[in-house]
Amino acid sequence: MSSNLHPMLNVAIKAARAAGAIINRAALDVEAIRISQKQVNDFVTEVDHASEKVIIDTLLTAYPDHGILAEESGREFGNPLADHIWIIDPLDGTTNFIHGFPVYCVSIALQVRGKIEQAVIYDPTRNDLFTATKGRGAFMNDRRLRVSKRIRLQECIISTGFPFRKGDNFNQYLRMMGDVMQRTAGLRRPGSAALDLAYVAAGFTDGFFETGLSPWDVAAGSLLVTEAGGLIGNFTGESDFLEQKECLAGAPRIYGQLVTILGKYSKFASAGDKAHVRTAVDALSRERTDDTQSPESVATEIGTPDSADTSQEERKDTPF
């Protein structure tokens with residue numbers, strides 16, 4: 001740990017590395033890990049719990065008056081009325097972890113009077129440490145981060161998450177993905193929202209969007225993105241997104257273009273936009289249940305942009 005870092009960030013780094021050590025040891029024998037299911041396709045393991053415990057113990061040993069908001073234990077520990085609240089995801093990407101797919105991380109953020117001021121995202125599989133302190137920039141392994149310099153959406157890679165929870169509007173997400181796919185160089189779904197945001201900050205990807213996320217999924221990553229020169233908010237571009245379960249991030253010029261595409265899918269969209277989306281989603285739903293509909297025509301329908309900004313031949317050749 002560095003003496004140049006904020007003391008609270010140093011403690012968060014210590015906690016993240018301790019959790020990462022637990023995760024790496026468990027990854028050597030994933031088959032032996034006990035797994036339970038919180039809801040459909042939403043898993044938790046003994047590793048999540050052990051990782052969360054060591055993080056909370058480390059943080060509260062240093063700052064016993066601070067509050068805790070953690071994915072598995074909620075506000076059970078710490079002082080819930082404190083000005084300083086640690087927001088913790090002990091293992092973001094649990095489904096990846098239990099399958100041995102090496103894309104997951106530890107995410108820790110410090111919220112002070114409602115604002116995120118410290119952030120750590122630690123990828124134990126690569127030993128990559130992403131850190132940020134408000135006003136001091138974002139870093140990966142001591143290298144200063146800046147978001148991508150690309151300004152043309154068709155040259156960009158955008159990351160996202162797919163719907164997996166009961167009640168998710170799958171058809172609407174197909175429309176969203178279709179709108180983004182055909183305007184970009186590719187769409188990616190790594191499976192860890194916290195790492196997705198860290199990668200936007202690092203310029204590895206140019207943007208990110210997802211619905212259904214909780215504060216512990218995005219708190220640390222949000223500070224990384226803004227300290228690296230990017231923007232983050234909801235689908236309509238509003239910055240107060242942490243509790244809204246929709247998240248959009250990117251380099252400034254790309255962020256603006258994604259707001260134009262995805263804004264109509266926001267829960268805060270205008271009534272007219274919502275009606276238009278409902279009509280399109282209902283049509284897609286009917287097509288998907290029509291056994292006579294060919295796969296090729298369904299794929300064409302879900303990916304047709306509202307404005308034809310690329311030629312038909314270019315759209316056909318666009319990679320996923």
Side-chain angles (χ1 to χ4, degrees), residues 36-45 48 52 69-75 87-99 101 103-107 109 111 116 121 158-181 187-200 205 207-222 224-225 231-250 255 258-259 261-269 273-274 277-278 280-281 284-285 302:
S36 58
Q37 190 163 309
K38 293 188 281 189
Q39 55 180 316
V40 175
N41 291 330
D42 192 2
F43 302 98
V44 62
T45 72
D48 295 75
E52 185 170 290
L69 173 60
E71 180 176 12
E72 307 308 334
S73 59
R75 299 182 184 272
I87 304 176
I88 301 163
D89 193 337
L91 178 52
D92 186 49
T94 299
T95 301
N96 284 348
F97 173 75
I98 63 180
H99 286 83
F101 188 76
V103 180
Y104 43 82
C105 68
V106 179
S107 177
Q111 185 182 55
I116 306 300
I121 292 177
I158 306 299
S159 58
T160 188
F162 297 157
F164 64 88
R165 303 169 185 86
K166 185 178 181 180
D168 281 343
N169 191 331
F170 184 70
N171 289 323
Q172 179 166 309
Y173 226 92
L174 285 177
R175 290 288 308 186
M176 291 168 60
M177 288 189 293
D179 276 354
V180 174
M181 277 180 184
L187 195 62
R188 301 290 183 265
R189 204 285 193 188
S192 169
L195 269 182
D196 287 339
L197 289 170
Y199 283 8
V200 171
T205 60
F208 165 77
F209 69 96
E210 189 172 351
T211 63
L213 297 173
S214 298
W216 46 78
D217 297 311
V218 295
S222 69
L224 286 168
V225 168
L231 297 173
I232 187 165
N234 64 20
F235 288 178
T236 61
E238 300 296 326
S239 60
D240 186 18
F241 74 99
L242 200 61
E243 305 278 353
Q244 295 179 353
K245 292 190 177 296
E246 57 180 55
C247 179
L248 172 62
Y255 179 84
L258 289 172
V259 166
I261 296 169
L262 296 173
K264 61 181 175 288
Y265 296 104
S266 172
K267 66 179 73 174
F268 307 104
D273 281 343
K274 288 180 178 178
V277 168
R278 278 197 302 271
V281 169
L284 177 59
S285 181
I302 67 173

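Worth knowing before you read on, the calculation uses all heavy atoms, side chains too, and leaves out hydrogens, waters and symmetry mates. Residues take their numbers from the sequence shown, with the count starting at 1.
- Side chain to side chain, Ser266 and Glu246 meet the donor-acceptor criterion of an N or O pair below 3.5 Å.
- Between the side chain of Tyr173 and the backbone N or O of Gly161, at least one donor-acceptor pair lies under 3.5 Å.
- With a 4.5 Å cut-off on side-chain heavy atoms, Tyr265 and Thr211 do not count as touching.
- The closest side-chain heavy-atom distance from Asp196 to Thr205 is not below 4.5 Å.
- Qualifying side-chain contact (heavy atoms from CB on, under 4.5 Å) partners for Tyr104, counting only residues two or more places apart in sequence or in other chains: Ile23, Ala27, Leu91, Asn96, Phe97, Pro124, Thr125.
- Annotation: side-chain contact (heavy atoms from CB on, under 4.5 Å) contacts of Ser73 (sequence neighbours excluded): Glu52, Ile56, Ala70, Glu76, Phe77.
- In this structure, the side-chain contact (heavy atoms from CB on, under 4.5 Å) partners of Val218, at least two apart in sequence or on a different chain, are Leu197, Leu213, Phe241, Leu242, Cys247.
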Evaluation steps, side chain to side chain contact (heavy atoms under 4.5 Å, CB included), between Ile88 and Trp216
CA-CA 5 Å; Ile88 301 163; Trp216 46 78; 5.9 Å; no
When you look at Ser214 and Lys245, which way does the side chain to side chain contact (heavy atoms under 4.5 Å, CB included) test go after all the steps?
CA-CA 6 Å; Ser214 298; Lys245 292 190 177 296; 3.6 Å; yes
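- Partners of Gln111 by side-chain hydrogen bond (donor to acceptor under 3.5 Å, both in side chains), not counting sequence neighbours: none found.
- Every side-chain contact (heavy atoms from CB on, under 4.5 Å) that Ser192 has, sequence neighbours left out, goes to Asp92, Val103, Cys105, Ala194, Leu195.
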Evaluate the side chain to side chain contact (heavy atoms under 4.5 Å, CB included) criterion for residues Lys264 and Asp179: first the C-alpha distance (whole Å), next the side-chain angles of each, then the deciding distance (0.1 Å), finally the verdict.
CA-CA 11 Å; Lys264 61 181 175 288; Asp179 276 354; 3.3 Å; yes
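- Remark: side-chain polar atoms of Thr45 are paired, donor with acceptor, to backbone N or O of Asp48 under 3.5 angstrom.
- Within the 4.5 Å cutoff, the side chain of Asp89 has heavy atoms near those of the Asp217 side chain.
- Qualifying ring-ring contact (aromatic ring centres under 6.0 Å, His included) partners for Phe209, counting only residues two or more places apart in sequence or in other chains: none.
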